[in-house]
Q: 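Could you have a look at this structure, given as structure tokens, before my questions?
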Amino acid sequence: MYAIRLGDDGAELRPLEPWHAEEFLAHLDRGREFINRYVPFGSRAVDVPTAREALQRYADLRAADTAALHGLWLDGTLVGGVLTLNFDAEGGTCEVGCWLEPAATGRGLVTRAMRILIDWVIEQRGIHRVEWVAAAGNEPSLATARRLGMTRDGVRRQAHLHHGVRHDLEVWSVLAPEWRQARAVHHDG
């Protein structure tokens, strides 16, 4: 239905919906081990029906206005995505996150897509505080938070049990006035 170009390299941000189940499963199969190093995202999607269920779960969350998935396509292939979680329009807060398969890393896809998503949640939806939560060992994710101009609020020590390991979680955030100021400086400079 629509796609937002992320540059001149064939990257696009598009809706990721239940009818993409086969493509979503193929993408997860290419990157499952890499994607699941720190988070269980997509780990239960092991065939087309369970991939469709995972996407339907997010479609239902989107309908409830509490979360949403957006896919990242590179040259017509689904390679990852960005999402909102814990979306609270009334309270003015949400969390954002991402995932990528290994072949798509190092191209700035998440940073470019996340700028569009954060602009949207702040300017169109009135969100005041956008959070980014990542395992302390997930340096690419933490680097993205830095590139987005987020501030490290703190660490939730050993808060996330994943693959038998208790990971510290770093909480980063950007507030709407900070985002607007950084954007104004970026556009003016």
Q: Let's go through V96 and L85 carefully: what are the C-alpha distance in whole Å and the side-chain angles of both, what is the deciding distance for side chain to side chain contact (heavy atoms under 4.5 Å, CB included) to 0.1 Å, and is it a yes or a no?
A: CA-CA 6 Å; V96 293; L85 297 159; over 6 Å; no

Q: Do L25 and Y58 belong to the same hydrophobic cluster, where Ile, Leu, Val, Met, Phe, Trp and Tyr are linked whenever their side-chain heavy atoms lie under 4.5 Å apart, directly or via other members?
A: no

Q: Nearest 0.5 Å, please: how far is CD1 in I118 from CD in E123?
A: 11.5 Å

Q: What distance separates R57 CZ from E53 CD, expressed to the nearest 0.5 Å?
A: 7.5 Å

Q: Start with the C-alpha distance between T93 and I127, add both sets of side-chain angles, then the distance that settles side chain to side chain contact (heavy atoms under 4.5 Å, CB included), and finish with yes or no.
A: CA-CA 5 Å; T93 60; I127 295 296; 5.5 Å; no

Q: Can you tell me how far apart CG (L72) and OG1 (T77) are? Round to the nearest 0.5 Å.
A: 12.5 Å

Q: With Q56, which residues qualify under side-chain hydrogen bond (donor to acceptor under 3.5 Å, both in side chains), at least two apart?
A: D60

Q: Atom CG of L16 and atom CG of L55: how far apart are they, to the nearest 0.5 Å?
A: 5.0 Å

Q: For E170, what residues pass the side-chain hydrogen bond (donor to acceptor under 3.5 Å, both in side chains) criterion, not counting sequence neighbours?
A: R152, W172

Q: Please report the C-alpha distance between R147 and T111 in whole Å, then the side-chain angles of each, then the deciding distance to 0.1 Å, and finally whether the side-chain hydrogen bond (donor to acceptor under 3.5 Å, both in side chains) criterion is met.
A: CA-CA 7 Å; R147 278 192 298 277; T111 302; 3.2 Å; yes

Q: Which value, rounded to the nearest 0.5 Å, describes the distance between L175 atom CG and M150 atom CE?
A: 10.0 Å

Q: Please list all pairs passing the ring pair (Phe, Tyr, Trp, His ring centres under 6.0 Å) test where one or both residues lie in residues 67-88, with sequence neighbours left out.
A: H20-W73

Q: Does T84 reach the side chain of L117, with side-chain heavy atoms less than 4.5 Å apart?
A: yes

Q: State, yes or no, whether a side-chain contact exists between I35 and L28 at a heavy-atom distance under 4.5 Å.
A: yes

Q: List the steps, then state whether side chain to side chain contact (heavy atoms under 4.5 Å, CB included) holds for T144 with L148.
A: CA-CA 6 Å; T144 300; L148 291 167; 3.9 Å; yes

Q: Within the supplied structure, the quantity of interest is the number of heavy atoms (other residues, nucleotides, ligands) at a distance under 6.0 Å from E139 CD; does it exceed 12?
A: yes

Q: List the steps, then state whether side chain to side chain contact (heavy atoms under 4.5 Å, CB included) holds for L169 with V155.
A: CA-CA 6 Å; L169 292 178; V155 177; over 6 Å; no

Q: Is D119 salt-bridged to R183, cutoff N-O under 4.0 Å?
A: yes

Q: Looking only at non-hydrogen atoms, find the nearest pair between F24 and L78 and report the distance.
A: CA-CD2, 3.7 Å

Q: So, for A136 and L142, which heavy atoms are closest and what is the spacing to 0.1 Å?
A: O-CD1, 3.3 Å

Q: Between R129 and S173, does a side-chain hydrogen bond (donor to acceptor under 3.5 Å, both in side chains) hold up when you go through it step by step?
A: CA-CA 7 Å; R129 176 185 168 83; S173 69; 3.1 Å; yes

Q: Is a side-chain donor or acceptor of T50 paired with a backbone partner of D47 at a separation under 3.5 angstrom?
A: yes

Q: Quick check: do E12 and L74 have side-chain heavy atoms less than 4.5 Å from each other?
A: no

Q: Starting from V133, can I reach V165 by hopping between I/L/V/M/F/W/Y residues whose side chains sit under 4.5 Å apart?
A: no

Q: In chain order, what residues pass the side-chain hydrogen bond (donor to acceptor under 3.5 Å, both in side chains) check against R30, with sequence neighbours excluded?
A: E101

Q: With distance as the sole test, does R112 use its side chain to make a donor-acceptor pair with the main-chain N or O of L6 at under 3.5 Å?
A: yes

Q: Got W99 and V82 here, is their nearest side-chain heavy-atom distance under 4.5 Å?
A: no

Q: For atom CZ of R44, decide whether the heavy atoms of other residues, nucleotides or ligands shown that lie under 6.0 angstrom number more than 12.
A: no

Q: Closest approach of R14 and G76, non-hydrogen atoms and distance?
A: NH2-CA, 4.2 Å

Q: For atom CD of E22, is the number of surrounding heavy atoms from other residues, nucleotides or ligands below 6.0 Å larger than 12?
A: no

Q: Tell me the closest heavy-atom pair linking C98 and L83, and the distance in Å.
A: N-CD2, 3.7 Å

Q: Restricting to pairs with a member in residues 102-144, which pass ring pair (Phe, Tyr, Trp, His ring centres under 6.0 Å), not counting sequence neighbours?
A: none

Q: Please find the pair of heavy atoms, one from A113 and one from L13, that lie closest to each other, and give the distance.
A: CB-CD1, 4.1 Å

Q: Would D65 and R62 pass as an ion pair if we require N to O under 4.0 Å?
A: no

Q: Looking at every non-hydrogen atom in both residues, tell me the closest pair between V174 and G149 and how far apart they are.
A: CG2-O, 4.3 Å

Q: What residues form a salt bridge (Lys or Arg N to Asp or Glu O under 4.0 Å) with R5, not counting sequence neighbours?
A: D8

